[in-house]
Amino acid sequence: MEDHIRVSDISNYLKCPRQVYYTYKESRPVNPITSSYVESLLIREMARSYADVVRSGDMDDALQELLDVAAHQLTAIYREELRDIDEEMLFEAVEVVRSHLEGIKCGILESVERLGGNRLVELLTSHDTEPVLYSKKFGLSGSPDRLLMVDDVPGLSIIRTGRAPESGIWKNDRIRLTALSILMEEEYDCVVGSGTVEYARYGIVRNTKIKRSDRRKVLVLAGRIRKIRGGRLPHRPDDAPCDYCSYAELCQVAPTLASKFF
Ligand code: SF4
């Protein structure tokens, strides 16, 4: 399944098509572990058990406990990624996440009010966790954070640890959900009508319909990525996030006229 386009490639393409090119052409430079990376892993691990927080009688206690468990288990779960982490950085990240707990609680309470407690628990309960899904038909692969069953209808959700939009979900997350829905539909021979994004740093859970126009977009983007994998260096977008890109040193090549069309 090595030749499959990954859903993460589609997400990277939306940030910058050139990142996809370098992902396939160059070995990724090893970046030092940062405290914010460790924070995001802690939040991701906690989010897996937010349903327990919704069901608990004391959300403050439940969140503190989740954080303690995540901190204790993190280096065992992310063995490879956190191989060189020092204790001080882990401690620092745990304390930053602790400072977010009140905000997470408020977000969960707001989600309970908006969706209802039972529905929220359903949306936070995994029927399978991080399954790797394949589409033979479209040559795609990817892994949702949860497979869901809501009102006997299959669905899926992704956990995001970055900023949440004021309302709705980010475009990149919508496209990611759509790509994963296409995979799930082929794997389980079902129709996925909606997907869920958990903005875990804020305790916010948002459900969205899977749109036909986004399905089309996913398939178009997969085709473009296939061309990039075939060796085409894509145009560098004006708003590319170069300041945070690990390929910045490599990416000094002036775009060719032909590359601008991809
Ligand atoms: S340095 Fe900028 S243009 Fe180049 S791959 Fe990274 S984000 Fe894209």
Side-chain angles (χ1 to χ4, degrees), residues 8 11 15 30-126 129-130 143-146 148 157-170 172-173 176 196-207 241 243-244 246:
S8 58
S11 301
K15 282 186 237 154
V30 181
N31 288 328
I33 300 166
T34 61
S35 184
S36 60
Y37 174 62
V38 182
E39 285 163 34
S40 67
L41 295 182
L42 283 165
I43 290 171
R44 173 169 286 279
E45 286 312 301
M46 291 174 64
R48 298 195 181 285
S49 303
Y50 279 175
D52 296 342
V53 177
V54 179
R55 282 190 289 248
S56 72
D58 185 331
M59 286 195 181
D60 293 303
D61 270 5
L63 282 167
Q64 292 282 357
E65 195 181 327
L66 276 193
L67 176 56
D68 292 341
V69 171
H72 184 60
Q73 297 179 344
L74 203 70
T75 52
I77 296 170
Y78 296 91
R79 189 82 195 104
E80 183 63 34
E81 296 86 342
L82 300 181
R83 182 191 294 258
D84 297 323
I85 190 175
D86 62 61
E87 285 294 315
E88 204 177 313
M89 181 179 286
L90 180 57
F91 178 78
E92 197 183 303
V94 169
E95 290 316 303
V96 173
V97 175
R98 208 178 294 286
S99 71
H100 289 310
L101 294 186
E102 183 63 26
I104 294 173
K105 182 183 84 174
C106 292
I108 292 176
L109 286 170
E110 186 271 328
S111 297
V112 169
E113 204 171 299
R114 187 165 34 84
L115 299 162
N118 291 340
R119 174 49 55 98
L120 184 59
V121 168
E122 265 185 318
L123 292 175
L124 294 171
T125 302
S126 306
T129 312
E130 295 183 346
S143 185
D145 288 299
R146 306 180 202 273
L148 308 174
S157 84
I158 56 175
I159 297 172
R160 310 307 277 164
T161 57
R163 270 186 326 116
E166 286 289 316
S167 61
I169 66 175
W170 298 117
N172 199 327
D173 295 335
R176 189 181 182 85
T196 302
V197 183
E198 302 168 32
Y199 290 105
R201 192 177 288 260
Y202 306 91
I204 292 172
V205 176
R206 291 189 178 140
N207 201 248
D243 289 348
Y244 309 98
S246 45

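All residue numbers refer to positions in the sequence shown, counting from 1.
- When atom types are taken as modelled, the side chain of Y50 and the backbone of A200 share a donor-acceptor pair closer than 3.5 angstrom.
- Atom CG of D84 sits about 12.0 Å away from atom OG1 of T75, to the nearest 0.5 Å.
- The main-chain N or O of G203 is found under 3.5 Å from a side-chain atom of S111 such that the two form a donor-acceptor pair.
- By the 4.5 Å heavy-atom criterion applied to side chains, H100 and L67 are not counted as neighbours.
- Here OG of S143 is found 11.5 Å from CD1 of I158. Values are rounded to the nearest 0.5 Å.
- The side-chain heavy atoms of D68 and R98, taken from C-beta on, include a pair separated by under 4.5 Å.
- Separating the CZ atom in R55 from the CG atom in N118 is a distance of 10.0 Å, to the nearest 0.5 Å.
- In plain terms, the two heavy atoms of V205 and R114 that are nearest each other are O-NH2, 3.0 Å.
- E110 and Y202 are not linked by any side-chain donor-acceptor pair at a separation below 3.5 angstrom, with hydrogens and angles left out of the test.
- Atom CG of L120 sits about 10.0 Å away from atom CG of L109, to the nearest 0.5 Å.
- Residues L123 and E198 come closest through the heavy atom pair O-OE2, 3.9 Å.
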Steps toward side-chain contact (heavy atoms from CB on, under 4.5 Å) verdict (M46, L101): CA-CA 11 Å; M46 291 174 64; L101 294 186; 3.6 Å; yes
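- Residue pairs meeting the side chain to side chain donor-acceptor pair (under 3.5 Å) criterion with at least one member in residues 159-169, sequence neighbours excluded: R160-D173.
- Side chains of S157 and D145: no donor on one and acceptor on the other come within 3.5 Å.
- Considering only heavy atoms from C-beta on, M89 stays 4.5 Å or farther from T34 through its side chain.
- Using a distance-only test at 3.5 Å, with no hydrogens or angles considered, no donor-acceptor pair links the side chain of R146 to the main chain of I159.
- Checked options V97, I77, L82; the residue passing with L41 is L82 (criterion: side-chain contact (heavy atoms from CB on, under 4.5 Å)).
- Taking all atoms of both residues into account, the shortest heavy-atom contact from T125 to L148 is O-CD2, 3.4 Å.
- With values rounded to the nearest 0.5 angstrom, E130 atom CD is found 4.0 Å from R48 atom CZ.
- In this structure, the separation between NZ on K105 and CG on L63 is 8.5 Å, given to the nearest 0.5 Å.
- Nearest heavy atoms, W170 versus A164: CZ2-C, 3.8 Å.
- The two residues K15 and P241 have their closest heavy-atom pair at O-CD, 3.5 Å.
- Counted within 6.0 Å of CD on E65, heavy atoms from surrounding residues, nucleotides or ligands total 12 or fewer; the atom is thus considered open.
- For L66 against S49, the heavy-atom pair with the smallest separation is CD2-CB, 3.4 Å.
- Counting only distance, with no hydrogens or angles, the side chain of R206 and the backbone of V197 share no donor-acceptor pair below 3.5 Å.
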